[in-house]
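Naming: A, B, ... by sequence-line order, numbering from 1 per chain. Atoms considered below: every heavy atom in the structure, side chains included; atoms not considered: hydrogens, waters and symmetry mates.
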Number of protein chains: 2
Amino acid sequence: MAKRESKKSRQVRDAEVTQQDILDAAEIEFSHHGLNGARLSAIADRAGVTTAMIHYYFTNKEGLYKAVLQRPATEANEKLGTLNFDQFPAIDALKLFIQAAILNEVQHPHRQMLWFQEANQNQGEFFKLSKDDWSNAHGSLFKILKRGMTDGSFRELDLEITTIHILGICIFYFSIQENWKHFKPDCDRLSESEIQRHTEAAIALVLSGIKSPE
Amino acid sequence: MAKRESKKSRQVRDAEVTQQDILDAAEIEFSHHGLNGARLSAIADRAGVTTAMIHYYFTNKEGLYKAVLQRPATEANEKLGTLNFDQFPAIDALKLFIQAAILNEVQHPHRQMLWFQEANQNQGEFFKLSKDDWSNAHGSLFKILKRGMTDGSFRELDLEITTIHILGICIFYFSIQENWKHFKPDCDRLSESEIQRHTEAAIALVLSGIKSPE
DNA sequence: GTCTATAATACGATAGAC
DNA sequence: GTCTATCGTATTATAGAC
């Protein structure tokens, strides 16, 4: 029982659990260091297995990387898809979207960076979002804005760019978190109360930013 | 004249030029791949030198990395510092800040990611912004907001978080640029006209988002 | 399925000629 | 100042025992 205790007692294991452990560990390592920078040894350590196991399940580093990228795209934004925004007035739908988007970042703090890195490092060589995936992720916001603009709830908007701006409000907060820490080491930006402040301020900014004047 | 032509004819060279070439190439490589992921061979190729030159000028990979990180902190945000926002009414100052922040991203498209990566990968181990640097970069925005809130131009705001939100509006646009490309390959988000749209939409969103109601 | 041991290679770094 | 050639180690990947 020397070194394998890093995650949990392994002993009798089955394939499913080991694979998930590896994927979880890899998601963190790849999100921190990208494809080139990630070390299989670091992933193995974190998952509590040997690098041989990684090759056994995922063939090679690239295979593991692709498997890691696959999860967020299929699974993560399903949640946004299941929320049926159409049943709410545009303004309420927008509030709900912002809450859901921020919650998604809280629950999967590594995935945004994982995604940035893939685009930035490899220009999406290993994973291009399909139009469907992309639409699920950002299309629902786009649609809310369009609907609100048509029915007069929102002012005249540049829809595509406003979509990006609203996502930026929600997500950038998490991107600069590590930097912010050095400036205010005492303040935990990921605590529930701080997330609450972030959410409320974001909703206030966006709503007064795009609502019709009248 | 085999492989050295990647940047420019080298032949007779002097130290200053070579160092700058290496730094420029390294900034791009490190911003794409981070410290671990970057390859000295890639940097050397891009700069049109050999890896021996990198060691000659910067001792080792880490020394080069630190030199690269130093540039943006000292030089880049000086520009924001020189703009004296105090002489303008808060609303005008805010407009100017947004324009300057976006322009800065256009002129240094790699630096934001470089910065993200250092925080994300190494938790700022190799370069923590000093409070002064940080203040220069984001403090001027903070001050504008505070002034506008005090003099009644802006509504009641959560100053720290609103600072982040506004920066997010300006910067996130560039972060997701590579992803966006796959969705709309025909549209160049870095063209002058698109940047113009971005800037105008950002100003409109922020101003109507935080101006006093009355 | 999981490990240990080891092969094969990629990469950072250095020595020495020019 | 710049290159070519080379060393040593870190890292990916594989073979084979259990």
Side-chain angles (χ1 to χ4, degrees), chain A residues 1-26 28-30 32-68 121-122 125-126, chain B residues 1-26 28-30 32-68 121-122 125-126:
Chain A
M1 67 190 284
K3 63 146 43 154
R4 329 256 226 76
E5 296 303 315
S6 38
K7 186 140 189 179
K8 56 176 78 169
S9 177
R10 196 154 293 273
Q11 299 147 13
V12 183
R13 295 292 307 282
D14 71 309
E16 199 58 39
V17 176
T18 304
Q19 282 194 55
Q20 287 304 320
D21 286 352
I22 293 174
L23 281 173
D24 289 343
I28 295 173
E29 175 74 2
F30 281 127
H32 281 162
H33 297 283
L35 174 58
N36 283 358
R39 295 290 167 248
L40 291 183
S41 58
I43 295 171
D45 284 353
R46 193 189 291 269
V49 299
T50 63
T51 61
M53 276 295 90
I54 295 175
H55 287 92
Y56 176 74
Y57 283 114
F58 301 96
T59 312
N60 56 25
K61 192 183 189 183
E62 210 173 281
L64 175 60
Y65 184 62
K66 284 180 183 165
V68 168
Q121 295 179 344
N122 314 309
E125 179 182 344
F126 297 101
Chain B
M1 68 189 284
K3 62 145 45 153
R4 326 258 226 75
E5 295 303 315
S6 37
K7 188 142 187 175
K8 57 176 80 169
S9 178
R10 196 152 294 271
Q11 299 146 14
V12 182
R13 296 291 305 282
D14 71 308
E16 200 58 39
V17 176
T18 304
Q19 282 193 54
Q20 287 303 321
D21 286 352
I22 294 173
L23 281 172
D24 290 342
I28 295 174
E29 175 74 2
F30 281 126
H32 282 162
H33 297 283
L35 175 58
N36 282 359
R39 297 290 166 247
L40 291 184
S41 57
I43 295 171
D45 284 355
R46 194 188 292 269
V49 299
T50 63
T51 62
M53 276 295 90
I54 294 175
H55 286 93
Y56 176 74
Y57 283 113
F58 300 97
T59 313
N60 55 26
K61 192 183 189 182
E62 211 173 280
L64 175 59
Y65 184 61
K66 284 178 184 165
V68 168
Q121 296 180 344
N122 314 309
E125 178 183 344
F126 296 101

Below 4.0 Å: OP1/OP2 of D:dC3 and any side-chain N or O of B:Tyr56
no

Check this one for me: any side-chain N or O of A:Thr18 less than 4.0 Å away from OP1 or OP2 of C:dT2?
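For A:Thr18, the contact criterion (side-chain N or O under 4.0 Å from OP1 or OP2 of C:dT2) is met.
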
Residues passing the ring pair (Phe, Tyr, Trp, His ring centres under 6.0 Å) test with A:His33, sequence neighbours excluded, are none

Can you check the [X] [atom1] to [N] [atom2] distance for me, whole Å?
X       : N      : atom1 : atom2 : value
A:His33 : D:dT12 : NE2   : P     : 12 Å
A:Met53 : D:dA15 : CE    : P     : 15 Å
A:Ile22 : D:dT12 : CD1   : P     : 14 Å
A:Ile54 : C:dT2  : CD1   : C1'   : 13 Å

If a protein heavy atom is under 4.0 Å from the base, mark B; if only from the sugar-phosphate, S; if neither, -; do that for nucleotides 11-18 of chain C going 5' to 3'.
SSBB----

Does the side-chain contact (heavy atoms from CB on, under 4.5 Å) test come out yes or no for A:Asp21 and A:Val49, once each step is laid out?
CA-CA 9 Å; A:Asp21 286 352; A:Val49 299; 5.9 Å; no

Are the side chain of A:Glu29 and the backbone N or O of A:Arg39 linked by a donor-acceptor pair below 3.5 Å?
yes

Kindly point out which of C:dT2, D:dC3, D:dG1 is positioned nearest to the side chain of B:Tyr57?
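Ranking C:dT2, D:dC3, D:dG1 by closest atom to the B:Tyr57 side chain puts D:dG1 first.
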
For residues 52-65 of chain A, dump all side-chain donor-acceptor pairs below 3.5 Å to protein atoms at least two apart in sequence or in another chain.
{"residue": "A:His55", "atom": "ND1", "partner": "A:Thr51", "partner atom": "O", "Å": "3.1"}
{"residue": "A:Asn60", "atom": "OD1", "partner": "A:Glu62", "partner atom": "N", "Å": "3.3"}
{"residue": "A:Asn60", "atom": "OD1", "partner": "A:Gly63", "partner atom": "N", "Å": "2.8"}
{"residue": "A:Lys61", "atom": "NZ", "partner": "A:Leu35", "partner atom": "O", "Å": "2.9"}
{"residue": "A:Lys61", "atom": "NZ", "partner": "A:Asn36", "partner atom": "O", "Å": "3.3"}
{"residue": "A:Lys61", "atom": "NZ", "partner": "A:Ala38", "partner atom": "O", "Å": "2.9"}
{"residue": "A:Tyr65", "atom": "OH", "partner": "A:Glu118", "partner atom": "OE1", "Å": "2.6"}
{"residue": "A:Tyr65", "atom": "OH", "partner": "A:Asn122", "partner atom": "ND2", "Å": "3.4"}

State the CG-CD1 distance between A:Leu23 and A:Ile28, to the nearest 0.5 angstrom.
11.5 Å

In this structure, CG of B:Asp45 is separated from OG1 of B:Thr50 (nearest 0.5 Å) by 10.0 Å

